[in-house]
There are 2 protein chains.
Amino acid sequence: MKHEPFNESIEMYLKTACELAVGDAPVAISALAGRLGVSAVSATEMVHRLQESGLVDHQPYKGITLTEDGRHQAAAVIRSHRLWECFLVDHLKLPWDEAHEWSCRLEHATDPQVTDALEVYLGYPLTCPHGSPIPTPDGTIVEPADQPLTTLLPGQSAVIARIYPETAELLSYLSDLGLTTGTRIILKERAPFHGPLVLLVGEDIRYLGGEGAAQIFINQVEDAS
Amino acid sequence: MKHEPFNESIEMYLKTACELAVGDAPVAISALAGRLGVSAVSATEMVHRLQESGLVDHQPYKGITLTEDGRHQAAAVIRSHRLWECFLVDHLKLPWDEAHEWSCRLEHATDPQVTDALEVYLGYPLTCPHGSPIPTPDGTIVEPADQPLTTLLPGQSAVIARIYPETAELLSYLSDLGLTTGTRIILKERAPFHGPLVLLVGEDIRYLGGEGAAQIFINQVEDAS
DNA sequence: CTGTATTTTCAGGTTAACCTGATCTTACAG
DNA sequence: CTGTAAGATCAGGTTAACCTGAAAATACAG
Ligand SMILES: [Mn+2]
Ligand SMILES: [Mn+2]
Ligand SMILES: [Mn+2]
Ligand SMILES: [Mn+2]
């Protein structure tokens with residue numbers, strides 16, 4: 001009659017570690033703590049616990065790397081998250097930006113068998129609605145071949161391929177600006193020193209701060225007609 | 001960046017209280033404790049907390065009743081649970097018996113907006129795959145017009161309308177016997193004093209203990225040809 | 001090579017849900 | 001009307017995740 005508890009904390013730590021990792025460089029505990037909205041002391045405590053469980057490898061003053069086991073579990077959570085996002089947006093027609101937070105709860109409540117069945121039902125989507133790839137059942141994540149919006153030159157056009165990392169605030173903001181995945185944009189102008197970008201979205205002019213631009217990735221770059 | 005916690009415990013107490021209530025009779029704390037797999041002391045503690053929050057009304061040595069607020073929240077959880085069951089069984093084609101446990105996790109991770117969208121997507125189903133009614137958004141639950149299998153007389157036939165209350169073990173057992181909702185059965189014989197029933201399911205003879213029979217409800221009663 | 005900022009550890013504290021064992025209270029059956 | 005089983009409380013304890021404040025260790029930039 002008793003089901004196993006939600007391991008929301010553990011799963012969020014693993015997922016976040018996975019998302020913050022670039023290549024095989026260790027992830028700083030402070031980065032983890034920041035992303036999770038938790039004190040550095042708490043994050044360190046939890047990292048120790050994860051180390052005990054063999055999910056994480058911590059070298060002091062450097063950071064952590066996920067073990068094979070840890071990466072596996074992280075991928076499972078991310079997989080479930082992104083598949084739910086597809087379902088919420090494409091099938092339930094729920095808002096593109098809110099789907100992210102809702103999926104962040106569902107991801108911890110989903111049996112692997114449900115995840116797999118969901119993937120079949122959705123027709124094996126390749127990415128979530130925000131452009132990030134869906135991990136395979138065995139835990140591999142193929143890095144997408146997109147480039148940062150910050151590399152686009154004035155006069156060029158491109159299609160928004162991906163928002164990463166995803167945060168509720170940014171998604172909501174971009175949604176309001178019409179800067180969702182799949183949208184073609186033209187870069188009119190860019191202020192120097194990471195200043196705001198001037199973008200043409202359809203007929204509309206949009207101004208976008210440098211911090212936001214750093215989380216947008218594009219492809220199909222062309223010289224604007 | 002921080003989302004509110006899962007209130008799994010609280011929600012399970014409310015849901016269970018709602019499911020154990022017959023009419024407006026108070027539910028014994030021991031019954032709650034038993035169903036939730038928790039000690040009586042723990043259940044009492046939690047009931048006090050629920051009372052503080054105004055979700056429950058506890059008269060000592062009698063039992064508890066849900067307040068308006070409490071019943072509302074309970075109905076929301078049950079609603080989400082049963083809608084997920086519909087989705088898992090009808091759309092994802094997952095097993096009828098396992099869907100119950102999987103939904104028991106999802107029910108705590110579902111935003112009301114997701115629940116509502118899911119209901120639309122499913123086409124406003126009236127019952128879950130096990131025959132129990134789906135609460136409306138405002139929290140009302142229409143009691144189905146079925147009768148206990150124990151009222152069926154030898155020689156009569158009927159259709160299984162509902163399993164209630166649902167437990168993983170019973171659902172799995174009934175699934176194996178082919179005694180799922182919508183199945184027409186014929187009662188061949190009944191041993192006295194709540195003894196086993198002899199049922200004809202299609203071509204097959206099935207023996208069913210009295211405890212299981214008490215959790216099966218039927219309709220469309222006819223005299224067998 | 002040293003100083004400072006980052007990282008870690010230590011100490012001590014909180015909260016929600018659990019637990020066992022023991023001790024009241026009360027409802028109600030006979 | 002009373003005894004006893006069922007129900008409630010009390011006492012004391014555990015665990016996972018959090019927290020703050022302060023002290024120690026280390027990396028690395030200049
Ligand atoms: Mn999450
Ligand atoms: Mn996404
Ligand atoms: Mn549940
Ligand atoms: Mn059901």
Side-chain angles (χ1 to χ4, degrees), chain A residues 1-17 20-22 25-65 70 73-74 77 104-105 107-109, chain B residues 1-17 20-22 25-65 70 73-74 77 104-105 107-109:
Chain A
M1 316 262 153
K2 296 233 59 222
H3 39 135
E4 63 254 42
F6 292 102
N7 290 321
E8 194 197 4
S9 281
I10 289 175
E11 289 176 355
M12 286 305 282
Y13 274 90
L14 295 177
K15 172 184 154 177
T16 305
L20 289 178
V22 278
V27 174
I29 292 186
S30 55
L32 264 187
R35 207 58 78 136
L36 291 168
V38 143
S39 78
V41 176
S42 299
T44 307
E45 258 179 14
M46 178 59 108
V47 162
H48 289 334
R49 246 172 279 145
L50 295 175
Q51 176 125 279
E52 294 304 302
S53 315
L55 295 168
V56 126
D57 195 18
H58 177 218
Q59 49 252 77
Y61 297 96
K62 294 300 184 66
I64 65 168
T65 29
Q73 284 195 220
V77 175
C104 193
R105 311 202 76 214
E107 67 190 354
H108 310 290
Chain B
M1 318 262 154
K2 295 231 61 219
H3 40 133
E4 63 255 42
F6 291 102
N7 290 320
E8 195 196 3
S9 282
I10 290 175
E11 288 178 356
M12 285 304 282
Y13 273 92
L14 295 177
K15 171 184 155 177
T16 306
L20 288 178
V22 278
V27 174
I29 292 186
S30 56
L32 265 186
R35 205 60 73 139
L36 292 168
V38 144
S39 78
V41 176
S42 298
T44 307
E45 259 179 15
M46 178 60 108
V47 162
H48 288 335
R49 247 173 279 147
L50 294 176
Q51 176 125 278
E52 294 304 302
S53 316
L55 295 168
V56 127
D57 195 19
H58 177 217
Q59 49 254 78
Y61 297 97
K62 294 301 183 65
I64 66 168
T65 30
Q73 285 195 218
V77 176
C104 195
R105 311 202 77 213
E107 67 190 354
H108 310 291

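Throughout, a chain's letter reflects where its sequence line sits, starting with A, and its residues are numbered from 1.
- The line from CG of Leu32(B) to OG1 of Thr16(B) is 6.5 Å long, rounded to the nearest 0.5 Å.
- Taking 3.5 Å as the limit, the base of dA6(D) and the side chain of Tyr61(B) contain no donor-acceptor pair of atoms between them.
- The side chain of Thr44(B) approaches dT9(D) more closely than any other nucleotide in the set dG21(D), dG7(D), dT9(D).
- We find the OH-CD distance between Tyr61(B) and Gln59(B) to be 14.0 Å, quoted to the nearest 0.5 Å.
- To the nearest 0.5 Å, atoms NE2 (His48(B)) and CD (Gln51(B)) are separated by 8.0 Å.
- At a threshold of 4.0 angstrom between heavy atoms, the contacts of Ser42(B) include nucleobase atoms, whether or not backbone atoms are also involved.
- Between the CD atom of Gln59(B) and the C1' atom of dA8(D) there is a distance of 14 Å, given to the nearest Å.
- Panel note: side chain Arg105(A), backbone Pro5(B); a donor-acceptor pair is recorded below 3.5 Å.
- Test Glu107(B), Met46(B), Arg35(B) against Met12(B) for side chain to side chain contact (heavy atoms under 4.5 Å, CB included) and you get one pass: Glu107(B).
- Residue contacts shown for Ser39(A) include a base, since a base heavy atom lies under 4.0 Å away.
- No contact: Phe6(B) has no heavy atom under 4.0 Å from any strand.
- Interface limits on DNA chain C: the 5'-most and 3'-most nucleotides within less than 4.0 Å of chain A heavy atoms are dT7(C) to dC10(C).
- Both His48(B) and Ala40(A) lie close to DNA chain D; mapped to their nearest nucleotides by heavy-atom distance, the more 5′-ward contact belongs to His48(B).
- In this structure, Val41(B) reaches the bases: a heavy-atom distance under 4.0 Å links it to at least one base atom across the strands shown.
- Looking at heavy atoms from C-beta onward, Val38(B) lies in side-chain contact with Tyr13(B) at the 4.5 angstrom threshold.
- Per the geometry, CE belonging to Met46(B) stands 16 Å off P belonging to dA8(D), to the nearest Å.
- To the nearest 0.5 angstrom, His58(A) atom NE2 is 3.5 Å from Ile29(A) atom CD1.
- Rounding to whole angstrom units, CD of residue Glu45(B) and P of dG7(D) are separated by 18 Å.
- When distances run from any side-chain atom of Ile29(B) to the nucleotides dA8(D), dA11(D), dT20(D), the shortest one goes to dA8(D).
- Residue Leu55(A) holds its CG atom at 7.0 Å from CD1 of Ile10(A), rounded to the nearest 0.5 Å.
- Glu11(A) and His108(A) form a side-chain donor-acceptor contact under 3.5 Å, judged by distance and modelled atom types alone.
- Axis angle between the ends of the helix from dC1(C)-dG30(D) to dG30(C)-dC1(D), five pairs each and rounded to 10 degrees, works out to 10°.
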